[in-house]
There are 2 protein chains.
Amino acid sequence: MDLRLLRSYVAVAEELHFSRAALRLHIAQPPLSRQIRRLEEEVGVQLLKRTQRRVTLTDPGRQFLESARAILAQVEASVALVRRMGRGEVGRIAIGMTSSVAFGDALPRLLRRFREGHPGVSISLREMSAGEQMGALRDGRIQVGFMRPPLREAGVSLTPFTREPLVAVLPVEHPLAGRRRIPLKALAGDPFITVPRSEAVGGLDLVLEACLQAGFRPEIAQHAQEIPSVIGYVAAGFGVSLLPQAARRLAHGGVSFVDLSTPRVFIEMAAVCLAGQDAPLLAAFLAEVGGIAARKGRG
Amino acid sequence: MDLRLLRSYVAVAEELHFSRAALRLHIAQPPLSRQIRRLEEEVGVQLLKRTQRRVTLTDPGRQFLESARAILAQVEASVALVRRMGRGEVGRIAIGMTSSVAFGDALPRLLRRFREGHPGVSISLREMSAGEQMGALRDGRIQVGFMRPPLREAGVSLTPFTREPLVAVLPVEHPLAGRRRIPLKALAGDPFITVPRSEAVGGLDLVLEACLQAGFRPEIAQHAQEIPSVIGYVAAGFGVSLLPQAARRLAHGGVSFVDLSTPRVFIEMAAVCLAGQDAPLLAAFLAEVGGIAARKGRG
DNA sequence: CTAGATTGATATCAAGAGGGTATCAATGGA
DNA sequence: TCCATTGATACCCTCTTGATATCAATCTAG
């Protein structure tokens with residue numbers, strides 16, 4: 001059965017007049033008569049009573065009018081919903097992030113901005129390690145992950161998001177605490193506190209690389225699972241650390257944050273998703289990520 | 001949009017395989033591919049992702065699968081309902097009856113029987129005078145009325161239902177009370193209690209005609225609105241009356257019911273509806289009325 | 001690594017559905 | 001009684017729809 005038949009029937013049943021209904025439907029009257037007759041044949045029930053002069057609804061016809069209206073409304077609503085989903089205006093997106101992401105204000109800002117532009121999208125945010133994110137991406141449990149490059153994974157696509165300098169974290173009693181800026185080399189003799197590699201891809205590697213670039217091999221005194229723990233160790237005098245600038249907001253009386261003059265080492269974060277995805281919602285989200293990154297880059 | 005497209009889409013989305021889906025739909029694979037493409041064009045959204053080897057649903061496609069299933073189910077349910085209505089198995093029928101009908105057991109029996117045969121039909125029963133019934137029929141507030149012929153109305157169709165003899169109602173102290181049978185002429189000298197014409201078409205006329213037929217013109221002593229009132233007046237000694245046999249069930253210590261030997265006068269009741277009606281439900285109901293009448297006639 | 005099988009897409013043809021115009025038949029009102 | 005109104009019918013033309021033959025790409029087996 002064609003939905004056109006239902007539309008035609010609703011028009012006739014509302015107008016109770018074939019010619020007027022045909023006018024409303026922008027077709028001629030004879031095809032409309034045929035349509036209605038075909039509909040009645042298909043259903044097997046007389047829906048209209050034509051008395052050569054006046055059209056009235058039968059009881060089943062009255063019932064069918066309501067049904068037809070309901071069906072057409074449902075079809076319209078369904079198509080509209082799917083179209084909105086197709087444009088990425090409606091849907092569901094699950095996002096993974098490493099715990100270190102939570103310290104910046106970039107992701108909250110991104111999400112707030114995206115929600116405003118896509119009020120029909122429900123966002124779920126889950127904290128998980130970079131490794132867990134990769135598994136979740138491949139299983140479809142999340143569609144986007146936020147983690148720090150570089151990635152060794154194949155088959156994923158990467159959208160740069162934030163890029164912020166590493167800063168030195170020193171105990172307040174450290175001789176260099178309170179300086180505006182120091183070269184990394186100045187910390188060559190200090191033991192380092194780091195986040196283990198498995199927890200934040202690139203974290204440990206980045207520190208190692210930075211120190212080697214500065215001309216020394218750091219002594220790793222301690223691994224901490226979370227950034228607040230790192231700061232705790234530093235405050236307790238176990239050593240120094242390098243952390244993303246955003247860690248400054250975790251201000252703590254016992255530590256001092258000092259910019260690095262050379263080398264300036266940047267820690268990056270990117271949105272990661274499976275390559276070959278073309279979900280419009282995902283595209284819209286990544287566009288937002290890219291937009292924020294570009295705006296930051298300019299500023 | 002054709003519902004066939006939805007059926008095809010559901011098949012493909014469930015099988016995730018064009019050839020198998022085509023087999024299930026009893027069409028060849030190429031037209032199915034075209035159908036799905038047309039559906040996608042119509043909706044304007046990619047519903048399936050074909051990777052030359054494997055078909056998967058997109059997010060909007062998954063949503064649309066649910067919608068399509070729901071729409072098809074609703075269409076099927078609607079058509080099934082209308083078909084049942086067309087066969088008179090489901091629907092609503094409003095019936096009017098004069099108060100005098102309520103004294104017989106014929107109508108309750110009829111309704112019980114009809115309900116059993118048509119469990120999906122909801123019946124509403126309203127007590128109204130014959131005149132009110134005619135108005136309600138023409139307004140469509142009821143579809144059937146039960147009243148006593150003859151009718152002077154045009155444009156109505158009449159199905160005989162019951163036919164029962166009039167019996168004489170006498171006060172117990174009346175000389176003829178307690179007889180098995182008397183001729184109507186024996187009441188020539190008694191004052192009569194009757195129901196006014198407006199309340200029950202044919203009631204007064206029938207009594208008048210019976211008496212004239214018996215050779216006398218009755219003295220109308222009193223009008224009563226309801227049959228119990230008639231019996232009350234008789235018991236109080238105001239006079240005698242002629243009532244349908246069914247009034248016997250309103251037994252009252254003060255009155256005596258006596259059969260008439262001659263003339264045997266019958267009071268009839270018929271189901272009345274507008275002429276030219278062809279609602280299947282009404283036809284089924286009238287068939288039941290006719291069936292009961294025929295069975296009674298034989299018995 | 002190559003050959004065959006699998007699977008969806010494309011091209012093309014025949015049949016039928018669907019819309020348009022012209023016209024008819026019946027009814028109701030002036 | 002005549003005319004306007006209204007749904008039905010007849011007929012033509014176009015476009016959709018389904019079938020068949022074939023292609024291109026990919027996965028699998030040896």
Side-chain angles (χ1 to χ4, degrees), chain A residues 1-58 61 64-65 68 72 154-155 275-276 278, chain B residues 1-58 61 64-65 68 72 75 138 154-155 274-278:
Chain A
M1 185 192 308
D2 199 317
L3 290 180
R4 191 176 343 105
L5 292 189
L6 295 189
R7 280 182 234 286
S8 297
Y9 177 70
V10 170
V12 174
E14 283 178 356
E15 300 282 352
L16 291 177
H17 197 290
F18 277 74
S19 303
R20 273 203 302 272
L23 214 62
R24 192 170 120 185
L25 294 165
H26 302 110
I27 63 173
Q29 167 260 317
L32 178 58
S33 292
R34 245 192 344 201
Q35 281 184 16
I36 301 301
R37 195 172 41 208
R38 256 201 49 201
L39 177 65
E40 289 182 324
E41 277 169 19
E42 208 159 328
V43 177
V45 175
Q46 189 179 2
L47 301 172
L48 297 174
K49 209 171 155 188
R50 297 90 149 162
T51 48
Q52 281 290 9
R53 192 68 186 175
R54 158 169 300 112
V55 176
T56 53
L57 290 171
T58 64
F64 194 69
L65 172 58
L72 290 175
D278 54 359
Chain B
M1 183 192 307
D2 200 317
L3 290 180
R4 191 179 342 106
L5 292 189
L6 295 189
R7 280 182 234 286
S8 297
Y9 176 70
V10 169
V12 174
E14 283 179 356
E15 300 282 351
L16 290 177
H17 197 289
F18 277 73
S19 303
R20 273 202 304 272
L23 215 62
R24 190 169 121 186
L25 294 165
H26 303 109
I27 62 174
Q29 168 260 318
L32 178 58
S33 293
R34 245 192 342 200
Q35 281 183 16
I36 301 300
R37 195 172 41 207
R38 256 202 52 198
L39 177 64
E40 288 182 324
E41 277 169 18
E42 208 160 329
V43 177
V45 175
Q46 190 179 2
L47 301 172
L48 297 174
K49 207 169 156 189
R50 295 90 151 165
T51 47
Q52 282 289 10
R53 192 67 186 175
R54 155 169 301 112
V55 176
T56 53
L57 290 171
T58 64
F64 195 69
L65 172 59
L72 291 174
V75 169
R138 300 206 188 277
L274 288 187
Q277 297 276 90
D278 53 359

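When reading the values below, keep in mind they use all heavy atoms of this one structure, side chains included, and skip hydrogens, waters and symmetry mates. Chain letters run A, B, ... following the sequence lines, proteins first, then strands; residues in each count from 1. All values reported here derive from a predicted model rather than from experimental measurement.
When heavy atoms are screened at a 4.0 angstrom cut-off, A:Gln35 is found touching the sugar-phosphate backbone but no base atom.
The residue from B:Arg24, B:Arg20, B:Arg7 that alone fulfils the salt bridge (Lys or Arg N to Asp or Glu O under 4.0 Å) condition with B:Glu14 is B:Arg24.
Checking C:dT21, D:dG18, C:dG19 against every side-chain atom of B:Arg4, the shortest atom distance belongs to D:dG18. Closest to the side chain of A:Ile27, from the set C:dG20, C:dT21, D:dA19, is C:dG20. Side-chain atoms of A:Ser19 lie closest to D:dG7 of the nucleotides C:dG20, D:dG7, D:dT20. The A:Val55 side chain lies nearest to D:dG7 when the options are D:dG7, D:dA21, C:dG8. Distance from the side chain of A:Phe18 is smallest to D:dA8 among D:dT20, D:dT16, D:dA8.
Here the C1' atom of nucleotide D:dT17 and the CZ atom of B:Arg7 are 16 Å apart, to the nearest Å. Taking atom CZ of residue A:Arg37 and atom C1' of nucleotide D:dA8, one finds them 7 Å apart after rounding to whole Å. Look at CG on A:Asp2: it is 10 Å from C1' on C:dA17, rounded to the nearest Å. In this structure, B:Gln29 places its CD atom 13 Å from P of D:dG18, rounding to the nearest Å. As rounded to whole Å, 16 Å separates atom P of C:dG8 from atom NZ of B:Lys49. Following rounding to the nearest Å, B:Arg50 (CZ) and C:dT6 (C1') show an atom-to-atom distance of 18 Å. Atom CG in B:Leu39 sits about 15 Å away from atom C1' in D:dT17, given to the nearest Å. Between the CG atom of A:Leu23 and the P atom of D:dT6 there is a distance of 12 Å, rounded to whole Å.
Between C:dT6 and B:His17, no contact under 4.0 Å exists linking OP1 or OP2 to a side-chain N or O. Listed pair B:Ser33 / C:dG8 fails the phosphate criterion, with no side-chain N or O lying under 4.0 Å from OP1 or OP2.
Looking at B:Glu40 and B:Arg50, a side-chain N of the basic residue comes within less than 4.0 Å of a carboxylate O on the acidic one, giving a salt bridge.
A donor-acceptor contact closer than 3.5 angstrom is absent between the side chains of A:Gln46 and A:Thr58. A donor atom on one side chain and an acceptor atom on the other are not found under 3.5 Å apart for B:Ser19 and B:Gln29.
Annotation: of the two residues near DNA chain C, B:Arg20 and B:Arg34, the 5′-most nearest-nucleotide partner is B:Arg20.
Using a distance-only test at 3.5 Å, with no hydrogens or angles considered, a donor-acceptor pair links the side chain of A:Tyr9 to the main chain of A:Gly61.
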